[in-house]
Chemist: 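Have a look at this one before I ask anything.
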Amino acid sequence: MQQTLVIGNWKMHGTLSWSQKIMETLVGELAGISEKVGIAVCPAYIHMETVSRALSKPECFIRFGAQNVHTKEEGAFTGEISATMLSDLGATFVIVGHSERREAGETDKAIAEKFKVTQTNGLVPVLCLGESLVQREHGETEQVVLNQLDAVIFECGIDALSDSIIAYEPIWAIGTGKTASADQAQTVHRCIRDHLAEKNEVVAKTVKIIYGGSVNSTNAKELFDQADIDGGLVGGASLKAEEFISICKIADY
Ligand code: PGA
């Protein structure tokens, strides 16, 4: 079954009580959604245990993930969180290479290492790729996105991509209210899939490629309707329970 995946990226937002409240709402309101939709939220580390408790009932199929991870599994790395710890807590996903982290200096090599350590610990990396506005205006979108993808393939091998999710997130569309048009997004998703197919057709067919960048309940349907868009990585709109619930319901068709 083709599942549409909706992942909320809460970024550095929320309080403990807010996390508790929104999870109660999501668990209640999304209980009847079909298995055609995969749902997850990625809270700040400090809110993760609260979220994990809210999702602990066996019938609850919402999952959770982290927004980042350290490259190493253990050691003297003050202030860091390891994939082992995330796995121990019951996380499913780890967002890797988000543009907000790339902009803060995260290198392709570190991203590939994070991708690898995530998988080694049984978690699913959500690998973010995306171009800036200047790069798009210079016609460099495909080259930039494929270079970011190749950096991970080079370190981890093409087969590693089959147990991962790719999120195409044009930087100019993140948090700006400017969504890529469904056509613009579909073109890049197709290009990513074609590139993977040149290396391994099975991986290209099975990998989920989700879109992120100002996804909301108004544009979700058109985006999810595209042949190569398998869901959304939702930032701002995931902080509003009603919006996130609407997006999940739109994915359930
Ligand atoms: P946005 O963020 O939906 O607020 O644009 C998406 C993301 O950064 O993952």
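Atoms within a ligand are numbered from 1 in the order they appear, just like the ligands themselves.
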Chemist: Need the ligand 1 atom indices (1-based, order shown) with element for anything under 4.0 Å from a heavy-atom of K11.
Modeler: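 This gives 2 (O), 7 (C), 8 (O) as the contact atoms.
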Chemist: For ligand 1, note which part of A173 has a heavy atom under 4.0 Å away: side chain, backbone, both or neither.
Modeler: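 The answer is the backbone of A173.
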Chemist: Among all protein non-hydrogen atoms, which one is nearest to atom 3 (O) of ligand 1, and what is the separation to 0.1 Å?
Modeler: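 The closest heavy atom on the protein side is G235 N, 2.8 Å.
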Chemist: Report yes if G175 has an N/O atom closer than 3.5 Å to an N/O atom of ligand 1; otherwise report no.
Modeler: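 Yes, since at least one N or O of G175 sits under 3.5 Å from an N or O of ligand 1.
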Chemist: In terms of atom number and element, which parts of ligand 1 are under 4.0 angstrom from non-hydrogen atoms of S214?
Modeler: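 Counting from 1, the qualifying ligand atoms are 1 (P), 3 (O), 5 (O).
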Chemist: Please list, in number order, the atoms of ligand 1 under 4.0 Å from a heavy atom of H98.
Modeler: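 Counting from 1, the qualifying ligand atoms are 7 (C), 8 (O), 9 (O).
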Chemist: I need the full list of ring-ring contact (aromatic ring centres under 6.0 Å, His included) pairs touching residues 135-186, with sequence neighbours left out, sorted by first then second residue.
Modeler: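 Of all non-adjacent pairs touching residues 135-186, those that pass ring-ring contact (aromatic ring centres under 6.0 Å, His included) are Y168-H189.
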Chemist: Can you confirm whether E74 is buried at CD, in the sense that more than 12 heavy atoms of other residues, nucleotides or ligands lie under 6.0 Å from that atom?
Modeler: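 Check fails, neighbour count at 12 or below.
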Chemist: How far apart are the C-alpha atoms of V207 and R193, what are their side-chain angles, what is the distance that settles it, and do they pass the side-chain contact (heavy atoms from CB on, under 4.5 Å) test?
Modeler: CA-CA 8 Å; V207 73; R193 214 182 286 283; 4.2 Å; yes
Chemist: Closest non-hydrogen protein atom to atom 4 (O) of ligand 1, residue and atom name please, with distance?
Modeler: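 Here the nearest protein heavy atom works out to G236 N, 2.8 Å.
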Chemist: For atom 7 (C) of ligand 1, what is the closest protein heavy atom, and at what distance to 0.1 Å?
Modeler: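 It is E169 OE2, 3.2 Å.
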Chemist: Evaluate I174 for polar contact with ligand 1, using N/O atom pairs at a separation under 3.5 Å.
Modeler: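 The answer is no, given that I174 and ligand 1 share no N or O pair closer than 3.5 Å.
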Chemist: N/O of G213 under 3.5 Å from N/O of ligand 1, yes or no?
Modeler: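 No, G213 has no N/O under 3.5 Å of an N/O on ligand 1.
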Chemist: May I ask you to list the atoms of ligand 1 that are less than 4.0 angstrom from any heavy atom of N9?
Modeler: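 Near N9, meaning under 4.0 Å from one of its heavy atoms, ligand 1 has 9 (O).
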Chemist: Does T179 reach the main-chain N or O of S181 with its side chain, forming a donor-acceptor pair under 3.5 Å?
Modeler: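 Such a contact is absent between T179 side chain and S181 backbone.
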Chemist: Please say whether the positively charged group of K221, taken as NZ for Lys or CZ for Arg, lies over the ring of Y253, i.e. under 6.0 angstrom from the six-membered ring centre and within 45 degrees of the axis.
Modeler: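 Yes.
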Chemist: Which residue is it: I209, V188, I210, L223? I am looking for the one with a side chain to side chain contact (heavy atoms under 4.5 Å, CB included) to I229.
Modeler: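 Only match with I229 under side chain to side chain contact (heavy atoms under 4.5 Å, CB included): L223.
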Chemist: Output yes when a side-chain donor or acceptor of S214 lies under 3.5 Å from a complementary backbone atom of A173, and no otherwise.
Modeler: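 Yes.
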Chemist: Side chains of M23 and L55: closer than 4.5 Å at any heavy-atom pair?
Modeler: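 Side chain of M23 against side chain of L55, heavy atoms only: contact under 4.5 Å found.
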Chemist: Regarding ligand 1, does E100 bring an N or O atom to under 3.5 Å of one of the ligand's N or O atoms?
Modeler: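 No, since none of the N or O atoms of E100 sits under 3.5 Å from an N or O of ligand 1.
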